[in-house]
There are 2 protein chains.
Amino acid sequence: MNEKKVQGKIKIDVEPIGKRISLEKPTNGLKAIVGAGIGIKTVCGGQGVCGKCRIIIMDKNINPPNSREEKMLSKSEIDNGVRLSCQQVFDRDMKIYIPASSLSEEQKLQVKGVEKELEVDPPVKKYHLKLKRSTLEKPESDLGQIKRVLESEYNIFIKDIDFEVLKMMPDVIRKNSWDVTVAVRDGEIINIEGGDSTERSYGIAVDLGTTKIAIFLMDLNNGKTMDSKGVMNPQISFGEDVMSRINFAMQDPESLDKIQSVVVEGIREGIKKLCSKNSIKTSEILEMAVVGNTAMHHLLLGFPVRHLGLSPFVTLAEDPLSVKAREVKIDTAPGAYIYIPPPIAGFVGSDHLAMILSTGIDSMKGNYLGVDIGTNTEIALAGNGTITSVSTASGPAFEGAQIRYGMRAAPGAIERVIIDEDTFVPTVQTINDKPAAGICGSGILDSVAELLRTGLINERGKFNRDSKYLCRDDKDEYQFILAHPGDDNGSEVLDKKEPDQKGEKKGSDKLSCDDGVITITQKDVVEIQLAKGAIRTGIDILLENADINFKDIDGIIIAGAFGSYIDPRNVMNIGMFPMVGLDKISQVGNAAGVGSRMVLLSNGQRRKAESIAKKTKYLELTVFPSFTDHFVTAMQLPKPKEII
Amino acid sequence: MNEKKVQGKIKIDVEPIGKRISLEKPTNGLKAIVGAGIGIKTVCGGQGVCGKCRIIIMDKNINPPNSREEKMLSKSEIDNGVRLSCQQVFDRDMKIYIPASSLSEEQKLQVKGVEKELEVDPPVKKYHLKLKRSTLEKPESDLGQIKRVLESEYNIFIKDIDFEVLKMMPDVIRKNSWDVTVAVRDGEIINIEGGDSTERSYGIAVDLGTTKIAIFLMDLNNGKTMDSKGVMNPQISFGEDVMSRINFAMQDPESLDKIQSVVVEGIREGIKKLCSKNSIKTSEILEMAVVGNTAMHHLLLGFPVRHLGLSPFVTLAEDPLSVKAREVKIDTAPGAYIYIPPPIAGFVGSDHLAMILSTGIDSMKGNYLGVDIGTNTEIALAGNGTITSVSTASGPAFEGAQIRYGMRAAPGAIERVIIDEDTFVPTVQTINDKPAAGICGSGILDSVAELLRTGLINERGKFNRDSKYLCRDDKDEYQFILAHPGDDNGSEVLDKKEPDQKGEKKGSDKLSCDDGVITITQKDVVEIQLAKGAIRTGIDILLENADINFKDIDGIIIAGAFGSYIDPRNVMNIGMFPMVGLDKISQVGNAAGVGSRMVLLSNGQRRKAESIAKKTKYLELTVFPSFTDHFVTAMQLPKPKEII
């Protein structure tokens, strides 16, 4: 369940469904609120006239609809708890479901994940020291005095000092009249500044995705997210997916340097802009935490990746890494480190670990599945104190690749599809209400689900060929027409336009595949079957391995930006997930980004993440005995009667 | 007492006087012989005809002189145990004294210090690992497997890995068929190489002097000194002494960078040449140890030095430092460290600590003084389990600076002076027997001692003006003429030449100050009084502070290259040292260089050095209550009857 800050003074902590949503005010002091919640789109400014802010209130004591709502919503919607967010006053704890279509575009691009309270206990802490000028009678070295005062006043024992900080020390001390602040990380002095700068302790958390990089500027004193920024991963110019980047980096050391330097540059520039906007110097950044899949993690640090691209796809190190930011050429405080939580195995990276950490599925009672949908989909099954993870090669279909009219989730992409079960008229919704330009992942998923629900395709994914919206191209491939380019969004335009504008089709039962229509092809359906089949295989093998039935699942948590936009009903309807029931599925947005902030802010969370990584068992699907059987079954679509 | 390897199969371990000299053969295995000993000059090839290899045998059972020796030596010499080294057969333990004049020129430039046996227990050790290719069924990360094998096969637990080594790891492993050698330092992997390279473990020890840098290439497996090289400290172009270099470095950050980079370049080039000569790659250097005074240590690491140049002259850090060699831009194994033992305080650097460590005065029974003569002379008094150190500003007079005809110890420098007490005819010896070009430190010290012994100056250092070798210059300053430039070395040339060649002086009682004579001036004598006074003040205050009399001193150890060349008799005769007796003074050569090799080779010696640094008390002379009184007294020269 997504979390939502509806009014200034009310905070809704969103936990996976099954947990009560808290409406308590944020506590202050050392409690941190991580994340900014997901807003709801009120295009009309809250007048109740556009109907775009539909939410589902999953509380028994639901208020009756007001007149605005009665006008905008169907009876069936009202009966099912659908209301307009702009007409609600949240004055008590309640569970709400926010469909992706109610999110504003900006929010779709900057999904920030659940909020999470945690004890702020950052790995770097600052100490203000009033030193004394050394004398001939009692000579004492600069470092010696700092160590002595830290020990006597703060009970902090120094084991190391960063080399660059040691170099700065005498000048900083003397230029500031022996009044300085030092930053200490695990017994190492990593910065020295003049005066009392203890109020200014900042950190950077990064969720380094294959496509997008989310950068968070954090206040290490109170744990607040001061600002955040999403930038495209510039490595995309060397290949859209992980494998093509690995292949590029494998060519020669120069290519590895190049692909490393562009992502470093992207992060560095993002940090610079965030800092400048918030009047912070990059030299005030005391710590960074970066989560990402193992390939992103390798390419950020400049590690060779040949072994990642070849079986058995092992990572270089299973350990949490702390690397000096200057070794990676990212501007921070002189001695600052980048902390990278441990990956789990092979392709199961620290982003997956961060998801487990932030959703808390490892410590919930019951059986929970955590799913990160992507080119590789990572799935964790947590239950009875154990966690098992798998990685499935679900492919890039959900990113629009290998789909004839596929595109990324950019303005104009068809993101929602409904097909009338009687007339087969498709209704589509595009991102930002721009003219249809292609189909993005959630639209493709919806299309397949709707084709199945309306009987246009059968359980094997084959078109039944009984609609005028079906056409065949010159390769004789059947396709279902969703839209013509330039069509208005959200209305049954094809039906209306066809007799008038497509003069040559008048009287025809079929529309033409020509003229640049946007369609779902037979091959697209197969691609989605392969993709969802891979994910379902992962889930089924996890369940078989743990010897539990899907009915014993207490919740499935879909993490990641893409996972936030898909319709959970359709996820079940195409059989990607077993039919666990809608109330058991929650979409938590960028859980990895939340996890990255948690390990930035808290030593305790680092230890917890490291212990999760250690206790999580990795299961290699392709060597599981019943893998092929599972995959063949999982490729099938559900029977119509199973559809909800 | 210097040590000398006289015949191939016999080794003389030289210990400070008072300890028996061992003639045992070197032991092998894990025992190391540090240092190469000091050879004796046999210009004539051992024929007993040149008399330049005089030694003093300090053994009661001295052999009578043979005919060669009777011819070459005076009766008084023979009575005092002087013999020719080339005529001796060392077939039993004995104590010998080797005058600096018996050392060859090459040995004077490359004094290597006493040999010392120690347990080889280097901080970096190599382990050969036969790894297994990871499989899909049992995937294991590269680092994970290395850690597991190190733990199970060698009981070595890894806490860290160098970032650059981690980067190299996958390629090195795969290019060498999973057969690798890793180098581990204090739980950190600092190198990885293909195959079994455990036989090739090398280290570099450096004695970083203000004038000269001694670099030793060491085999970390057996502790042997494989090779060594002495290079001039290139910082000399920014000032001959420490203070002028500090002043230069203080100007701006660029100057500091410059003065750092030249010394780094000097060391780097020295290492490169040593490695190339011995068929070693610089990437096989696993560890370095550098000792030096605090200014050299700061300037090597690029630390600011302003605070070193101003009262209270404190060092930046009293801790032992381990700095990655790549941070200082010295080529070594990728993750190798430079270890720098702790300084004692202010100007008392790790070279002094290395001297205390290598001479072992900290653990001897009795009271021992260790003296490093230089621009700053460090003196340690060890006794009854305590060590106290002082630093005295003895000035650069012993380096030839501020002396009218002073020069460094280069060929042509007058290094020995004898004045006939009846005729006042000076006899001088120059370095390398080259025509006299100036006077170096030991010659200046000899001159003052001889002027005093012959009554030409009085106890206050004033010339008595009763020799024809005295002249006055245009400033009316008295000077004693030692030589004319171009004079042959070692004969009473002035006396012979004067009547013939100095025609205008015929019949005159006085020689002229003109014509480029080489003289000792009244001011030179005062400079030496100041220098020796500073050193004597340090000794006297150390004794007063410890409440002991100079007669309770069991030994004085003179360390350092310069200290090896001076005549210990004259050191006492001018009052630089109290009259402890010749048998109590030993000259141990480059004891700091030996100490640097000891801390390179042995963790135990590092811990010992660090504990010595901690327990050594630093005494600031200038704030000692009776400092001025002591200094005034110490400036005086001894009375003639005290001279030995």
Side-chain angles (χ1 to χ4, degrees), chain A residues 133-147 158-164 166-174 253 256 294 298 301-308 310-319 321-324 326-328 342-343 345-347 618 620-623, chain B residues 133-147 158-164 166-174 253 256 294 298 301-308 310-319 321-324 326-328 342-343 345-347 618 620-623:
Chain A
R133 203 172 290 276
S134 189
T135 63
L136 266 181
E137 286 75 12
K138 258 200 140 175
E140 188 174 27
S141 75
D142 290 5
L143 180 60
Q145 186 176 179
I146 284 181
K147 283 169 70 177
I158 295 302
K159 295 177 296 182
D160 290 304
I161 177 163
D162 181 79
F163 183 59
E164 296 298 328
L166 190 55
K167 281 188 191 174
M168 297 159 55
M169 188 168 272
D171 287 349
V172 172
I173 288 177
R174 283 158 188 81
L256 177 58
T294 50
H298 278 58
L301 299 179
F303 292 159
V305 287
R306 186 179 297 275
H307 58 288
L308 272 190
L310 301 172
S311 173
F313 316 109
V314 290
T315 179
L316 175 48
E318 286 122 352
D319 306 78
L321 297 179
S322 282
V323 177
K324 288 267 174 200
R326 69 168 174 266
E327 298 263 22
V328 190
F347 273 116
Y618 172 70
E620 174 57 41
L621 290 177
T622 56
V623 298
Chain B
R133 205 172 287 277
S134 190
T135 63
L136 264 182
E137 286 74 15
K138 259 200 140 176
E140 188 174 27
S141 75
D142 290 3
L143 180 59
Q145 187 176 176
I146 284 181
K147 284 169 70 176
I158 294 303
K159 296 177 295 182
D160 290 305
I161 176 163
D162 182 79
F163 183 60
E164 296 298 329
L166 190 55
K167 281 190 194 175
M168 297 160 54
M169 189 168 273
D171 286 350
V172 172
I173 288 177
R174 284 162 186 80
L256 177 58
T294 51
H298 278 59
L301 298 178
F303 292 158
V305 287
R306 184 179 299 273
H307 58 287
L308 272 189
L310 301 170
S311 173
F313 316 108
V314 289
T315 178
L316 176 48
E318 286 123 352
D319 306 77
L321 297 180
S322 282
V323 176
K324 288 265 173 198
R326 68 167 175 266
E327 296 266 20
V328 190
F347 272 116
Y618 172 69
E620 175 55 44
L621 289 177
T622 56
V623 299

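Throughout, protein chains are lettered first and strands after them, A, B, ... in sequence-line order, and every chain is numbered starting at 1. These numbers were taken from a predicted model, which means no experiment stands behind them.
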Contacts of type salt bridge (charged side-chain N to carboxylate O under 4.0 Å, His left out), residue Glu620(B), not counting sequence neighbours:
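Not a single residue meets the salt bridge (charged side-chain N to carboxylate O under 4.0 Å, His left out) criterion with Glu620(B).
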Is the shortest heavy-atom distance from the side chain of Val323(A) to the side chain of Leu166(B) under 4.5 Å?
no
With side chains defined as the heavy atoms from C-beta onward, is the minimum distance between Arg306(B) and Arg174(A) less than 4.5 Å?
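Not touching, per the 4.5 Å side-chain cut-off.
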To the nearest 0.5 Å, what is the distance between [atom1] on [X] and [atom2] on [Y]?
| X | Y | atom1 | atom2 | answer |
| --- | --- | --- | --- | --- |
| Glu327(B) | Arg326(A) | CD | CZ | 4.5 Å |
| Asp319(B) | Lys147(A) | CG | NZ | 3.5 Å |
| Glu140(B) | Thr315(A) | CD | OG1 | 12.0 Å |

Heavy atoms only: give me the nearest Glu318(B)-Gly144(A) pair and the separation to one decimal.
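For Glu318(B) and Gly144(A), the tightest heavy-atom pair comes out as OE1-CA, 3.6 Å.
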Highest number of heavy-atom pairs under 4.5 Å with chain A among Asp160(B), Leu136(B), Leu143(B), Asp171(B) belongs to Leu136(B)
Choice from Pro304(B), Gly302(B), Ser322(B), Ala317(B) maximising heavy atom contacts with chain A below 4.5 Å
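Top count of heavy-atom pairs under 4.5 Å with chain A: Pro304(B).
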Less than 4.5 Å to any heavy atom of chain B: does that hold for the side chain of Arg133(A), its backbone, both, or neither?
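Answer is neither: Arg133(A) stays 4.5 Å or more from chain B.
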Can you tell me which portion of Thr622(A) sits under 4.5 Å from chain B's heavy atoms? Options are side chain, backbone, both or neither.
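Only the side chain of Thr622(A) comes within 4.5 Å of chain B.
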What part of Leu321(B) gets within 4.5 angstrom of chain A, counting heavy atoms only: side chain, backbone, both, or neither?
side chain
Residues that Lys167(A) engages under side-chain contact (heavy atoms from CB on, under 4.5 Å), provided they are two or more places apart
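For Lys167(A), the residues satisfying side-chain contact (heavy atoms from CB on, under 4.5 Å) (neighbours in sequence not counted) are Phe163(A), Glu164(A), Phe303(B).
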Identify which of Val623(A), Leu316(A), Val305(A), Thr135(A) forms the greatest number of heavy-atom pairs closer than 4.5 Å to chain B.
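Among the listed options, the one with the most contacts to chain B is Leu316(A).
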